[in-house]
Amino acid sequence: MDTLKYILRNVSRNKLRSVLTILSIGFSLALMTVLIGYTAMQSVWKEEASQHHRIVVMNTQGFSGEVPISYVDRIRGMGGVNSAVPYSWFGGTYKDEEQMPFAQFGTDPQHVFEVWSEFRIAPAELDAWQDNRRGCVADRRLANRKGWKLGEQIPLKGTFFPVTLDLELVGVFDSPKDTDSLWFDWQYLDEILRASSAPTAGNAGTIFAKVAAPALMPKICQEIDDRFGSSDNPTRTQTEAAFAQMFTDMLGNIQDYIRNIGMAVVFSLSLVAGNTMAMSVRERTTEIAVLKAIGFPRTRVVGLILGESCGIALVGGCLGVVAGCASLELLHQLSRQFFPISVLELAGPWLLLLLAISAGIGVLSGMVPAFRAGQLSIVDGLRRVI
Amino acid sequence: MPDVTRAEGDPIISVRNVFKEFRREQMAIPVLNGINLSLFTGDYLALMGPSGSGKSTLLNLIAGLDRPTTGEIVVCGTNLGRSSEGELARWRSRNVGFIFQLYNLMPVLTAYENVELPLTLTHLKRKERDEHVRAALEVVGLTDRMNHYPRQLSGGQEQRVSIARAIVSDPRIIVADEPTGDLDAQSGTEILELMKRLNAEFDKTIIMVTHDPRAADEAKSILHLEKGQLVENPARNR
Ligand SMILES: Nc1ncnc2c1ncn2[C@@H]1O[C@H](COP(=O)(O)OP(=O)(O)O)[C@@H](O)[C@H]1O
Ligand SMILES: [Mg+2]
């Protein structure tokens, strides 16, 4: 029988109490895992977005404003700009699946692979797309998940646009990260909109442009905004990284808020766990006095109790982190648009930090009872019986 | 001076002019008033006296659980009053076996594990430990119950496990504070016989606190605590 076994026996002495403590620590650590994991994902996303020196043009009004399609050619013609395409979000539903099962964008088949130059597509498939107004291409991983073959008919029923697109899959592209996206010809959408004389016709939505060198980005953003500043549709141009950040910022304050609440929960949890630990140690006063009487040194007694509280906290922490990671992965599986990165890629030192936090809960909650047990006078402890 | 005679060499337990008082909020409660006592290897002393007379206090001092207010206690060659807490802990683990009235076994450990507990403080290898534990359980006749938890044992069996725990690290001294106080007559007799064997067969020096004159008669000598002093014959008769 060694120390670890003895600690384990002590943990299982009051199973319900231990299980409840473990569960409460597990829950709060799961919450922390999701929050921190989400933040980590945002920064990976941003990092990724800053590598390819792309810029995003949108109306100063945000997504509700228009960016005329004519801007695309004018931006593409500017010095330092490699290429530019319209990039119009189409939130359609596929067959009778749940809302927006994947991301869909209307863009320009002639130039889109110049802007996303890191993406790969077979030349024959790109040709096929450029020759077929109803054609579309999809991220290979999306196509695989859906079981699509080339020639697949993909009807998309607009939720934002009052139209239905009858698309045909003519190609798949490979991207470094799962984009969960389908691209179709912007002009196909625009033709249908014009035919129904919808007021949104002729709107590029946003424009993505690829700049020759990273150093040029601020200057070109400024140039674009200056050029269209006095038009009916003034623009706001920013780097792709800043654009990604925008989505984060929408949650920004909430995120801080939730993280603070998370910390508060962890702290108050330590107090509750500490109280539980103190109770269970107090019930054992005589036993502790006996341990000391038969020669257990103070350090060993303190270690037994800290080991117990840390063990409980770490088991809870591990369960919590695993549950949190599972939740993140589930969110990724359900919505690759908003959780584009699998937790497997996100795993990093922050997971260790979370385990350290749970160890911290263990130390914090075991500190006072361990100290008291260390201080306990043997004679006083035994007098309960002697 | 009520020294137990039969002196041969240095006493294993030597208590010299010991006073002990407890402090509770300014109030000093004197408990022991000048105790002198010498015991030699193989002695078996029964300590009697009315409740609250300081029997446990004296036993605790001799076992190195507490320090005297004044006076000197030397046990197994160690001056207990001059030792640090850590030194005393190590000293106890090597020299003293404890038997309590309420057995005080760890409820989460089996009989075997309870007996093994003091050995976890030693550097013995697993196999050696196992031999010691089995030997101790053999002495108390409980090898067939070694995987039982305390709650699965009778009071007498629990006390036998606690005796095994007390002797497993082969200490020279055994202190027992009312070891039969919570047992029925039959079990009590068994425990007393066991203690007698430890004394006779294994040459353990034993001090046993007891209320029970029949138990005290099993010891080789009897002393009474009265008004903080040791006497051979109590003023008030039993
Ligand atoms: N740790 C202590 N703190 C205060 N008073 C104590 C303590 N231990 C013993 N006493 C007091 O000392 C006296 C003797 O106690 P004790 O040695 O336990 O007696 P006995 O074992 O003979 O019944 C009692 O009056 C008791 O209240
Ligand atoms: Mg007593």
Side-chain angles (χ1 to χ4, degrees), chain A residues 1-19 277 279-305 307-309 311-312 369-386, chain B residues 20 22 55-57 59-61 63-67 84-110 112-122 126 129-130 133 149-150 162 165-166 168-169 171 175-178 181-182 209:
Chain A
M1 203 234 11
D2 31 43
T3 310
L4 208 62
K5 196 160 147 202
Y6 188 30
I7 289 176
L8 254 162
R9 294 284 181 80
N10 279 331
V11 169
S12 57
R13 164 188 303 246
N14 190 330
K15 289 197 184 61
L16 181 64
R17 182 153 67 191
S18 297
V19 165
M277 195 64 205
M279 264 163 55
S280 86
V281 171
R282 191 164 322 137
E283 288 164 8
R284 276 181 249 162
T285 302
T286 306
E287 281 176 49
I288 290 164
V290 170
L291 284 180
K292 292 177 110 178
I294 65 176
F296 274 61
R298 186 195 291 243
T299 48
R300 192 101 172 204
V301 172
V302 168
L304 275 176
I305 289 163
E308 184 174 339
S309 65
I312 287 180
F371 177 77
R372 271 210 220 120
Q375 292 295 97
L376 175 74
S377 134
I378 303 174
V379 185
D380 287 342
L382 288 178
R383 263 174 68 78
R384 291 189 170 191
V385 271
I386 294 186
Chain B
K20 176 72 183 175
F22 290 102
K55 304 183 295 295
S56 297
T57 302
L59 199 67
N60 289 344
L61 289 177
L65 297 177
D66 205 356
R67 291 196 185 82
S84 72
E85 186 196 306
E87 286 165 351
L88 279 181
R90 187 148 4 108
W91 177 85
R92 286 193 303 270
S93 72
R94 290 180 185 163
N95 295 292
V96 189
F98 290 88
I99 303 171
F100 305 97
Q101 177 176 358
L102 293 177
Y103 336 126
N104 283 347
L105 300 175
M106 305 297 149
V108 291
L109 302 181
T110 62
Y112 182 96
E113 291 161 342
N114 265 289
V115 176
E116 193 185 12
L117 199 56
L119 297 183
T120 62
L121 297 170
T122 66
R126 189 168 291 269
R129 277 200 225 167
D130 184 62
V133 173
Y149 285 90
S162 100
R165 178 178 69 184
V168 73
S169 46
V175 297
D177 199 335
E178 309 202 23
D182 214 55
V209 166

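All values below come from the heavy atoms of this structure, side chains included, with hydrogens, waters and symmetry mates left out.
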(request) Mind checking the CG-CG spacing from A/L291 to B/L117? Nearest 0.5 Å is all I need. (result) 5.5 Å

(message) Rounded at 0.5 Å granularity, tell me how far CE in B/M106 sits from CD1 in A/I288.
(response) 9.0 Å

(message) Working to the nearest 0.5 angstrom, can you tell me the gap between B/L65 CG and A/L382 CG?
(response) 6.5 Å

(message) Strictly less than 4.5 Å between heavy atoms, which residues of residues 86-94 of chain B line up against chain A? Please order them by number.
(response) B/A89, B/R92, B/S93

(request) Supply the atom-to-atom distance A/R383 CZ to B/T57 OG1, rounded to the nearest 0.5 angstrom. (result) 7.0 Å

(message) For the interface with chain A, which of B/E178, B/R165, B/E85 has the highest count of heavy-atom pairs at distances below 4.5 Å?
(response) B/E85

(message) Taking side chain to side chain donor-acceptor pair (under 3.5 Å) as the definition, give me every residue that meets it alongside A/N10, ordered by chain and number, with sequence neighbours left out.
(response) A/R13

(request) Drop me the distance from B/R129's CZ to A/D2's CG, to the nearest 0.5 angstrom. (result) 7.0 Å

(request) Return the set of residues passing side-chain contact (heavy atoms from CB on, under 4.5 Å) with B/Y149 (not counting sequence neighbours), or none when no residue passes. (result) A/R9, B/T110, B/R151, B/Q152

(request) Decide yes or no on side-chain contact (heavy atoms from CB on, under 4.5 Å) for B/T120 and A/Y6, but give the supporting numbers first. (result) CA-CA 11 Å; B/T120 62; A/Y6 188 30; over 6 Å; no

(request) Kindly check if the number of other-residue, nucleotide or ligand heavy atoms within 6.0 Å of CZ (B/F22) is above 12? (result) yes

(request) Could you look at A/I294 and say if it's the side chain, the backbone, both or neither that has a heavy atom under 4.5 Å from chain B? (result) both

(request) Return the set of residues passing side chain to side chain donor-acceptor pair (under 3.5 Å) with A/S280 (not counting sequence neighbours), or none when no residue passes. (result) A/R284

